[in-house]
Amino acid sequence: MKKRATTNRPEGGVLPPPRGEGWGEGEEAHRIHQRLRTEIHRPSSEESTRVPQPALKGSEALVVGIANENSIAYGCAKAFHELGADVAITYLNDKAKPYVEPLARGVKAPLFLPLDFAQAGALESVFEQITQTWCRLDILVHSAAFAPKEDLQGGLLNCSAEGFAKAMDISCHSFIRMARLAAPLMKNGGTMFTMTYHGANKVISNYNVMGPVKAALECACRYLALELGPKKIRVHAMSPGPLKTRASSGLKDFDRLLADAEERAPLGELVDIMDVGFACAYLATPYARRITGGTIYVDGGANIRA
Ligand SMILES: NC(=O)c1ccc[n+]([C@@H]2O[C@H](COP(=O)([O-])OP(=O)(O)OC[C@H]3O[C@@H](n4cnc5c(N)ncnc54)[C@H](O)[C@@H]3O)[C@@H](O)[C@H]2O)c1
């Protein structure tokens with residue numbers, strides 16, 4: 001069998017011909033060749049997907065949206081911690097604090113901070129603490145939503161302007177504000193996540209005002225992905241199937257939605273918070289370095305059904 005010629009050429013770069021083959025002789029030509037050789041070198045796929053063990057070792061993550069042990073955000077915090085990341089955790093207010101504190105301790109959170117998006121300066125103060133402690137950030141999870149009960153349950157036609165604006169501010173614009181503060185800290189690139197739901201794309205009974213709000217959130221992810229792509233920051237809208245949580249308890253007939261999701265899912269099962277957490281963990285590794293801007297379903301495949 002003919003042996004293939006091998007070169008020292010790094011993958012991905014086009015090198016000028018080596019010394020004495022058309023670029024002239026002499027020290028100058030050699031120097032230019034060496035400089036181009038270094039500058040043109042781009043890491044190969046193998047080099048850029050080299051993942052530490054465990055996969056998120058050395059990563060700094062901020063997780064917003066844990067209310068209790070059923071929260072999707074808690075699944076993310078647990079998965080990140082299990083895979084070696086440091087995880088900063090926030091809680092809504094003093095009432096929520098006792099429920100979240102033991103969970104933060106369980107994942108050895110080095111930072112445990114209050115955060116209510118509706119309070120002026122609260123987000124800035126969280127990012128100040130992160131800057132002081134880590135000086136950088138690799139992973140951001142926004143897993144929070146809110147709509148006033150009467151506006152959520154009264155149907156979209158009856159949703160008030162104030163209720164609509166509040167739902168949009170807490171559930172969508174807060175992610176944009178977080179992304180703005182997080183981006184400068186993602187000095188070596190990073191990954192941002194928010195949580196959406198299939199009600200953004202298909203009409204799901206009782207989802208009401210949250211449908212247009214989540215549609216805006218998914219769209220915001222696409223635009224953020226475009227703006228942040230040059231900094232190697234990737235943005236994902238995660239779309240879990242229905243899960244029993246504090247937030248979902250505000251939806252009318254939620255048990256029916258659960259039963260329906262189980263029946264429709266090709267995999268025949270409901271998802272749990274760790275399914276979402278580990279999907280986010282994978283997307284935060286270099287294995288997923290070319291995936292951004294999309295809506296990622298974690299729903300057992302239910303969304304493909306007509
Ligand atoms: N549970 C589901 O079936 C489901 C499905 C798809 C998407 N989601 C989305 O997942 C995300 C997390 O919800 P969850 O189901 O884990 O419920 P959850 O109740 O556990 O979490 C909602 C979080 O939003 C936070 N929040 C509300 N108002 C806030 C404010 N003003 N400032 C800061 N935080 C605030 C709450 O403190 C809470 O931690 C939401 O965006 C929700 O829409 C949920």
Side-chain angles (χ1 to χ4, degrees), residues 62-78 89-101 103-104 113-123 125-126 141-149 152 165-175 177-178 193-202 204 206-218 220-221 236-262 265 270-277 279-280 295-300 302-303:
L62 167 63
V63 174
V64 173
I66 302 183
N68 54 41
E69 70 283 3
N70 301 318
S71 295
I72 295 171
Y74 182 49
C76 296
K78 275 214 295 190
I89 281 173
T90 67
Y91 58 95
L92 181 62
N93 50 29
D94 285 347
K95 204 171 143 203
K97 190 176 178 183
Y99 299 97
V100 189
E101 199 160 18
L103 307 177
L113 306 162
L115 175 59
D116 180 343
F117 292 136
Q119 277 200 352
L123 199 49
S125 136
V126 166
V141 173
H142 169 279
S143 183
F146 176 81
K149 197 171 175 188
L152 177 64
K166 181 92 182 165
M168 196 60 103
D169 184 60
I170 302 297
S171 319
C172 179
H173 191 257
S174 59
F175 180 53
R177 297 202 288 277
M178 284 187 87
F193 300 96
T194 186
M195 299 299 156
T196 182
Y197 180 56
H198 196 40
N201 302 299
K202 296 287 173 194
I204 293 179
N206 303 315
Y207 204 53
N208 301 344
V209 61
M210 288 313 289
V213 168
K214 293 295 193 191
L217 184 64
E218 290 181 14
C221 282
H236 302 287
M238 305 302 291
S239 190
L243 289 123
K244 257 192 172 170
T245 61
R246 168 91 61 77
S248 63
S249 69
L251 296 175
K252 235 169 87 188
D253 292 335
F254 188 70
D255 283 341
R256 248 175 45 202
L257 199 68
L258 280 174
D260 189 49
E262 189 169 7
L270 291 173
V271 296
D272 62 40
I273 60 169
M274 295 314 293
D275 294 323
V276 186
C280 291
T295 296
I296 314 279
Y297 285 93
V298 184
D299 66 347
N303 72 91

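As the structure lists them, so they are numbered: ligands from 1, and atoms in each ligand from 1. For reference, positions follow the sequence shown, starting with 1.
Every protein residue with a heavy atom nearer than 4.0 Å to ligand 1 is included here: Gly65, Ile66, Ala67, Ser71, Ile72, Leu92, Leu115, Asp116, Phe117, Ser143, Ala144, Ala145, Phe146, Ile170, Met195, Thr196, Tyr197, Lys214, Pro240, Gly241, Pro242, Leu243, Thr245, Arg246, Ala247, Ser248, Phe254.
To the nearest 0.5 Å, the span separating CG on Leu217 from CE on Met168 amounts to 9.0 Å.
No side-chain heavy atom of Ile72 sits less than 4.5 Å from a side-chain heavy atom of Met238.
Checked by atom type, the side-chain pair Asn93/Gln119 shows no donor-acceptor distance below 3.5 Å.
Arg177 and Asp169 are joined by a salt bridge, as a carboxylate oxygen and a charged side-chain nitrogen come within less than 4.0 angstrom of each other.
For His198 and Tyr297, the ring centers sit closer than 6.0 Å to each other.
In this structure, the side chain of Ser248 engages the main chain of Leu243 through a donor-acceptor pair within 3.5 Å.
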